Amino acid sequence: NPIPHFPSDFLWGVSTSAHQIEGAATERDPSVWDAFSAEPGRIKDGSTAAVACDHYHRYPEDVALLADLAVDAYRFSISWPRVNTPGGLDFYDRLVDELCGAGIRPAPTLFHWDLPVTLDWLKRDTAERFAEYVTVVADRLGDRVKKWITINEPAEHTLFGHALGAHAPGKQLMFDALPAAHHQLLAHGLGVRALRAAGATDIGIANSHGPTWPASREQADLEAAEFYDLLLNRLFSDPVLLGEYPEGIGELMPGDVSADLKVIGEPLDWYGVNYYAPTRVGAPQGADIEFGGLTIPAELPFSVREIEDVPVTDFGWPVVPEGLTELLTGFRERYGDRLPPIVITENGCSYEGIDDQQRITYLDGHIRALHRAMEAGVDVRGYFVWSLLDNFEWAEGYARRFGLVHVDFDTLERTPKASYGWLRDGLRSRRLTEGD
Ligand code: GCO
């Protein structure tokens, strides 16, 4: 187990999100995901997150699982619709107290896709509403919560939710979805300012990133891969890390973009990366491409191709640990001293079964790849496994299991998997070597 070879102050954790685990949907205002899941055909197994893992009522048991796992921190998300509901913030007050009582650092994400159904990222003032919500939360929890994440994966929420329509809010706007990207990034910057005003000094974002591999050295494939990397990676990292959009993008964004970029580029204390795998990209092939549960339409100026000769998860995602090393050393080359310390805010895989040896192989491989990036000089401060529990995997419903802990969605019984024991042994052995 590679865990004991990390610095003693390295932060180990696991991640979840409100909509995917809480349930108790009738006890809060609706989100765009409640509305989307209610539309026939939107969720592959016809399910909704109305109950999910019922974490809202079972959080003491889940915090006990975190304590037994011996993690340092727990990344969860706060449901904006629940905070809008009278008394809704009380749940997070109780959860934070339970975590602190167990000696686990809370690391909440303030937006993880479950937008109040009354709001719309295509509208600029949603960014202002977000900053107001952040202030309410920070004022209530800031005495116990020190580590904050503003926005989770604005790239995916823009692409899947507003360009392709595969996720909530189900808009198929293609490139007219770009304002949703800009307004989420603006919300991130305004959220950072709101957190600073509340005294926060440990703030990050959780952006999804992976290396983009051209399908071949052909010019058409190289150009398609370059465009994909611009759209899915640099469009979200450049404004946050450099305070500027990549060449040619700024003109596509709404409003006074140069003024907005000063907000979006607010300095961060660390930069969160959600890593799952590289993406192999080639020129469009004139037909829709099915990939990892998604349909990439033919009219997009790129196509996603299979990565040959690598294992795949039960979700069909390639397993390429060295892609994490490549991603992080590449970030260090591109951003240099503009790159704050990195935290891996998500890394995980979907496999069936309680005796999930393949998940142990996946995690072991990626933790070793992370260590190689650190040995190459990348400043990484933490690593969070996606996810503590099997949960509502968005448009896949409950068909894809990412948990270290199995959830029986009929009985809601939790059963730690083999990977849970593997991680726990690694984390505890770290403590032994530290002599704690
Ligand atoms: C995210 C991720 C998670 C997913 C995980 C597996 O937005 O952070 O999409 O919510 O469940 O990445 O797909």
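Starting from 1, each residue takes its place in the sequence as its number. Nothing here was measured: the structure is a model prediction, and the numbers come from that model. Side chains included, hydrogens not; waters and symmetry mates left out as well; all remaining heavy atoms used. Both ligands and their constituent atoms are indexed starting at 1 by order of listing.
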Trainee: In the structure I gave you, are the side-chain heavy atoms of Tyr420 and Val14 within less than 4.5 Å of one another anywhere?
Mentor: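 When only atoms from C-beta onward are counted, Val14 and Tyr420 do not touch, as no gap falls below 4.5 Å.
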Trainee: Return yes or no for this condition: an N or O of Trp394 is under 3.5 Å from an N or O of ligand 1.
Mentor: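 N/O-N/O distance under 3.5 Å: yes.
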Trainee: Does Phe227 form a side-chain contact (heavy atoms from CB on, under 4.5 Å) with Leu300? I'd like the steps, not just the answer.
Mentor: CA-CA 10 Å; Phe227 181 78; Leu300 277 178; over 6 Å; no
Trainee: Is His112 in polar range of ligand 1, meaning some N or O pair under 3.5 Å apart?
Mentor: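 In this structure, His112 places an N or O atom under 3.5 Å from an N or O of ligand 1.
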Trainee: Just to confirm my output: which protein heavy-atom neighbour is closest to atom 9 (O) of ligand 1, and how far is it?
Mentor: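 Looking only at protein heavy atoms, the one closest to atom 9 (O) of ligand 1 is Trp113 CH2, 3.4 Å.
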Trainee: To which protein heavy atom is atom 12 (O) of ligand 1 closest, and what is the distance rounded to 0.1 Å?
Mentor: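 Result for atom 12 (O) of ligand 1: Tyr276 OH, 2.9 Å.
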Trainee: What protein heavy atom is closest to atom 7 (O) of ligand 1, reported as residue, atom name and distance in Å?
Mentor: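 Ranked first by proximity to atom 7 (O) of ligand 1 is Asn152 ND2, 2.7 Å.
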Trainee: Taking the ring centre of each residue, are Phe402 and Trp317 less than 6.0 Å apart?
Mentor: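 Yes - the distance between ring centres of Phe402 and Trp317 falls below the 6.0 Å cut-off.
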Trainee: Pick one of side chain, backbone, both or neither for how Asn274 approaches ligand 1, counting any non-hydrogen atom pair under 4.0 Å.
Mentor: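 It is the side chain that touches ligand 1; the backbone stays farther off.
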Trainee: Does the separation of the ring centres of Trp121 and His162 fall below 6.0 angstrom?
Mentor: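 No, they do not, as the ring centres are separated by 6.0 Å or more.
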Trainee: Are Phe76 and His55 near enough that their ring centres are under 6.0 Å apart?
Mentor: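 Here the rings of His55 and Phe76 have centres that are no less than 6.0 Å from each other.
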Trainee: With a heavy-atom distance limit of 4.0 Å, tell me whether Arg400 approaches ligand 1 through its side chain, its backbone, both, or neither.
Mentor: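 For Arg400, no heavy atom sits under 4.0 Å from ligand 1.
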Trainee: Could you check whether Phe384 and Trp386 have their ring centres less than 6.0 Å apart?
Mentor: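 When the ring centroids of Trp386 and Phe384 are compared, they turn out to be at least 6.0 Å apart.
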Trainee: Tell me yes or no: between the side chains of Asp34 and Ser31, is some donor less than 3.5 Å from an acceptor?
Mentor: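 Result is yes, a qualifying pair exists.
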Trainee: What protein heavy atom lies closest to atom 8 (O) of ligand 1? Include the residue and the distance to one decimal.
Mentor: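 The closest one turns out to be Glu346 OE2, 2.3 Å.
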Trainee: Is the contact between Phe160 and ligand 1 made by the side chain, the backbone, both, or neither, using heavy atoms and a 4.0 Å cut-off?
Mentor: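 For Phe160, no heavy atom sits under 4.0 Å from ligand 1.
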Trainee: Please confirm whether Ser17 comes within less than 3.5 Å of ligand 1 when only nitrogen or oxygen atoms on both sides are compared.
Mentor: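 Between Ser17 and ligand 1, no N or O pair is found under 3.5 Å apart.
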Trainee: Is the closest N or O pair between Glu393 and ligand 1 shorter than 3.5 Å?
Mentor: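 Between Glu393 and ligand 1, an N or O pair is found under 3.5 Å apart.
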